[in-house]
Number of protein chains: 2
Amino acid sequence: MNPARRCSALLNQLCVSSRGGPTARRPFSPAERSSSAGPRYSGVGGRGVGVKGTCPQGKLSGASIAGAALVCPMGGSSSSSSSSSSSSSRLFGTLSQSLNSSPLAQPDLYAEESPDQDLAEVDPDQLLRECEDVLQRRPARPHRDLVYPSGTAPCHHKHNPSIRIMQWNILAQALGEGKDGFIRCPLEALNWQERKYLILEEILTYRPDILCLQEVDHYYDTFQPIMASLGYHGSFLAKPWSPCLDVEQNNGPDGCALFFRRSRFSLQATAHLRLSAMMLPTNQVAIVQTLHCRVTGQRLCVAVTHLKARSGWERLRSAQGADLLQSLRSITSRGGGQSEAPSAVLPLVVCGDFNAEPSEDVYRRFSSSPLGLDSAYKLLSSDRQTEPAYTTWKIRPSGESCSTLDYIWYTHDALSVDCLLDIPTEEQIGPGRLPSYHYPSDHLSLLCDVSFRDEPHRLM
Amino acid sequence: MNPARRCSALLNQLCVSSRGGPTARRPFSPAERSSSAGPRYSGVGGRGVGVKGTCPQGKLSGASIAGAALVCPMGGSSSSSSSSSSSSSRLFGTLSQSLNSSPLAQPDLYAEESPDQDLAEVDPDQLLRECEDVLQRRPARPHRDLVYPSGTAPCHHKHNPSIRIMQWNILAQALGEGKDGFIRCPLEALNWQERKYLILEEILTYRPDILCLQEVDHYYDTFQPIMASLGYHGSFLAKPWSPCLDVEQNNGPDGCALFFRRSRFSLQATAHLRLSAMMLPTNQVAIVQTLHCRVTGQRLCVAVTHLKARSGWERLRSAQGADLLQSLRSITSRGGGQSEAPSAVLPLVVCGDFNAEPSEDVYRRFSSSPLGLDSAYKLLSSDRQTEPAYTTWKIRPSGESCSTLDYIWYTHDALSVDCLLDIPTEEQIGPGRLPSYHYPSDHLSLLCDVSFRDEPHRLM
DNA sequence: CCTCTCAAG
DNA sequence: CCTTGAGAG
């Protein structure tokens with residue numbers, strides 16, 4: 001590439017610098033739920049510090065779905081097992097090996113038709129420690145604060161505990177290794193046998209109640225069994241045609257996955273959508289589920305999607321967004337499959353990699369839809385109106401690309417955002433950008449706690 | 001191309017339909033200037049109707065730069081010569097032949113250093129009739145109304161006559177024939193020997209005082225001599241590297257051209273700019289000229305530009321726009337080369353093919369710059385806030401593309417828009433879109449009359 | 001289905 | 001300099 005062309009490519013991908021980053025940062029505050037943040041965070045205690053725990057191999061029952069009250073795994077909050085075992089993760093290794101013998105043979109129906117398959121419940125602390133073991137040669141992951149935006153009156157309390165939501169494009173293994181061309185990321189850092197622990201570590205650190213993933217090409221052999229063992233219900237929808245399929249030694253198509261904690265929610269309805277644009281089907285999909293909260297009795301509609309990538313496709317994204325909004329309107333007004341008073345608002349959370357900056361039409365569509373959605377991460381900014389400066393930041397042969405593409409939308413009249421996980425700084429991300437030895441994906445995970453604004457019993 | 005891919009390509013290029021088109025339409029009203037609209041307009045009288053005039057071959061002096069008063073060529077306003085001579089245009093043919101012997105040898109300096117070379121002044125009505133002759137086998141061009149937006153108090157009067165401004169990307173001949181791939185346009189319609197008459201007909205129909213063109217690859221052999229003979233001063237700036245140069249039998253690089261009527265204005269200063277982005281020079285250019293109005297004594301700064309095309313280059317366009325605004329600020333605050341009270345506002349008009357929809361960053365930059373610019377064509381909409389639905393509409397192998405990319409920006413505190421030429425409807429444009437047998441370019445011409453808000457003598 | 005690389009004009 | 005089309009993965 002000649003200098004001029006390279007310059008153009010770089011210019012084309014310049015990072016938006018006009019938006020201010022988040023300013024108000026608070027440390028983790030003691031909430032109902034401890035997030036077990038400690039061992040692998042730089043600045044809070046690196047790996048190998050505070051060695052205390054041992055590494056039991058038995059399967060522990062960490063959470064129960066029998067009781068209605070939210071049970072949060074809180075054991076060993078600031079302890080770490082670290083160097084007790086270095087070579088491989090025994091528990092996780094056993095789990096994966098036992099379950100990946102028929103990776104593609106396990107239909108989603110199986111998971112959805114066996115609502116009480118919590119026979120092999122695993123202790124998440126245990127599993128997190130195993131991740132730390134496997135990853136001990138990796139650099140410590142930078143710490144991310146949970147930020148409680150100022151001026152919000154928290155709605156959560158013991159009868160209305162907040163719901164933790166995570167949104168993350170985890171980077172399809174086939175794409176990361178095979179064709180995405182992250183030239184500044186060592187191939188070694190993309191090796192699946194380690195990267196999967198990095199992803200799992202992130203999930204286990206924050207233990208969301210609802211987990212929305214994109215670019216999942218290891219659902220049946222990895223995430224479904226592991227998440228099921230941790231007490232989650234999972235659902236997966238592959239893209240009709242995935243670019244992963246062009247990579248040699250691929251693991252099947254990538255797609256969206258939606259998990260929820262079965263101790264907190266029960267499933268009322270699922271819709272697997274193929275997004276359309278101008279009446280024609282596209283290659284993008286969405287999962288929409290209506291959940292019933294076992295604690296409050298409230299219902300909640302959750303959706304996950306991954307829109308068409310790249311510039312030049314703004315109109316298609318906008319049409320796909322319109323189609324999704326239309327489906328969501330239909331689902332939430334139907335009352336999630338229940339025949340009920342149509343006036344009852346069904347609160348909605350939509351997580352996704354929209355592949356669109358906030359300036360794009362599809363963002364405007366979501367902001368201004370009759371569903372009354374707002375984007376949670378705006379609350380991280382000092383003016384509470386500005387999206388983060390980036391949710392993905394990568395270096396490709398064509399140049400550096402720093403942009404805000406991922407969002408958590410929520411019904412602002414029905415839900416309140418209690419806190420958000422902050423965005424790593426440029427320094428924390430490092431000069432090679434994403435992915436890297438400490439960030440397994442080219443996208444950052446987004447996470448927030450929301451709670452119902454209205455207590456259902458007060459409305460009755 | 002398989003159906004699915006074709007569908008995606010089409011979706012990608014969908015026409016924005018949310019913006020309302022212009023609603024208020026008025027017929028041409030008798031102004032100071034007759035635009036000679038008549039013969040070749042469908043719906044107003046087709047070609048061959050109302051044959052009256054003869055076709056004198058001598059060179060007539062239509063306008064004089066000696067007197068300060070605006071002299072508008074008005075002879076034979078609704079007459080047409082039509083079928084008096086069918087094969088070729090004598091006057092125009094003579095002109096072109098005499099002047100295109102050394103097409104590339106004529107430097108711009110020549111035109112700019114000989115301010116009184118009006119020896120060969122040509123009657124525009126005469127020339128228009130010759131165009132009509134050559135084009136008589138072409139379908140009649142659809143009529144376009146001059147629209148006087150409601151609610152505007154016109155500022156023009158006999159001591160402050162309005163200034164007619166035309167903005168047009170005329171489509172480089174080398175690109176239209178060679179590589180732009182307008183698959184629905186017959187190659188025959190793109191033949192330069194006829195297309196140049198179609199372009200000239202459009203210019204002669206409206207007779208702007210200021211003419212801003214992009215994609216001019218026939219400046220020295222065609223537009224410079226013809227426009228000079230009509231009493232215009234011209235300036236041309238080629239792109240540093242033009243894609244025309246890759247076409248066999250090209251006529252040199254394309255670039256921007258700026259013409260002004262010498263009876264109305266004199267030239268005070270010219271800047272030929274190569275646009276930069278992030279301190280680095282790009283392949284895009286602009287011409288900026290400071291003019292002195294012979295009627296009102298007011299000065300006016302005029303700029304023409306053509307920004308980087310295609311999606312994926314939004315950031316580069318924005319940077320180029322920022323660079324142009326910076327240069328314009330410097331030029332207008334310097335007072336156009338004159339040392340004067342810096343508080344005096346130098347009114348500004350910026351015409352260009354910005355290759356950017358109104359939703360793009362570069363549009364926002366221009367709207368909100370400290371120069372106080374507004375986009376003239378918004379006044380065509382009923383809410384006076386909305387750009388036209390399209391200024392270009394073409395069908396390429398990759399799909400149909402209908403978008404608003406061209407703008408006339410003006411200093412809203414110093415200038416008032418009296419009227420605008422409306423935008424042809426979808427039906428007028430026809431199913432093959434642009435270009436076509438009646439539209440020589442893939443872009444529509446934009447035209448408006450502006451006048452100074454303040455009489456200069458009232459300020460003194 | 002999609003995207004990158006390459007070569008041609 | 002920049003775009004387009006072919007071909008690979």
**Message:** Tell me whether B/Glu400 is salt-bridged to B/Arg433, with the criterion being a basic N under 4.0 Å from an acidic carboxylate O.
**Reply:** yes
With the criterion being N/O to N/O and under 3.5 Å, what pairs connect the protein with nucleotides 4-7 of chain D, and how long is each?
{"residue": "D/dT4", "atom": "OP2", "partner": "B/Arg310", "partner atom": "NH1", "Å": "2.4"}

**Complete:** Per ring-ring contact (aromatic ring centres under 6.0 Å, His included), B/His218 is matched among B/Trp192, B/Phe236, B/Phe223 by B/Trp192
**A/Phe259: ring pair (Phe, Tyr, Trp, His ring centres under 6.0 Å) partners, not counting sequence neighbours** = A/Tyr219
**Item:** Whole-Å distance separating the CD1 atom of A/Ile183 from the C1' atom of C/dT3
**Value:** 16 Å
**Prompt:** For A/His306 and C/dC2, what is the distance between atoms NE2 and P respectively, to the nearest whole Å?
**Reply:** 12 Å
**Fill in**
To the nearest angstrom, the CG-P distance between A/Asn250 and D/dA8 comes to 19 Å
**Asked** How close or far is atom P of C/dT3 from atom CD of A/Gln284, stated in whole angstroms?
**Response** 9 Å
**Item:** Of A/Asp246 and B/Asp246, the one whose closest DNA chain D nucleotide lies more 5'
**Value:** B/Asp246
**Request:** Mind calculating the distance between CH2 (B/Trp313) and C1' (D/dT3) to the nearest angstrom?
**Result:** 11 Å
**Message:** From CG of B/Leu245 over to P of D/dC1, roughly how many Å is that when rounded to an integer?
**Reply:** 12 Å
**Request:** Could you check which of C/dT3, D/dC1, D/dT3 has an atom nearest any side-chain atom of B/Trp241?
**Result:** D/dC1
**Request:** For B/Leu434 and B/Phe182, work out which heavy atoms get closest and say how close.
**Result:** O-CD2, 4.1 Å
**Of the listed nucleotides C/dC2, C/dT3, D/dC2, the one nearest the side chain of A/Asn283** = C/dC2
**Nucleotide C/dC1, atom P - distance to CG of A/Leu307 in whole Å** = 18 Å
**Request:** In whole angstrom, give the distance that lies between atom CZ of A/Arg317 and atom C1' of C/dC2.
**Result:** 14 Å
**Message:** Show the nearest heavy-atom pair for residues B/Asn191 and B/Glu177, with the distance to one decimal.
**Reply:** CA-OE2, 3.9 Å
**Complete:** By side chain to side chain donor-acceptor pair (under 3.5 Å), A/Asp217 pairs with (sequence neighbours left out) none
**Prompt:** Of B/Arg315, B/Lys308, B/Arg317, which meets salt bridge (charged side-chain N to carboxylate O under 4.0 Å, His left out) against B/Glu360?
**Reply:** B/Arg317
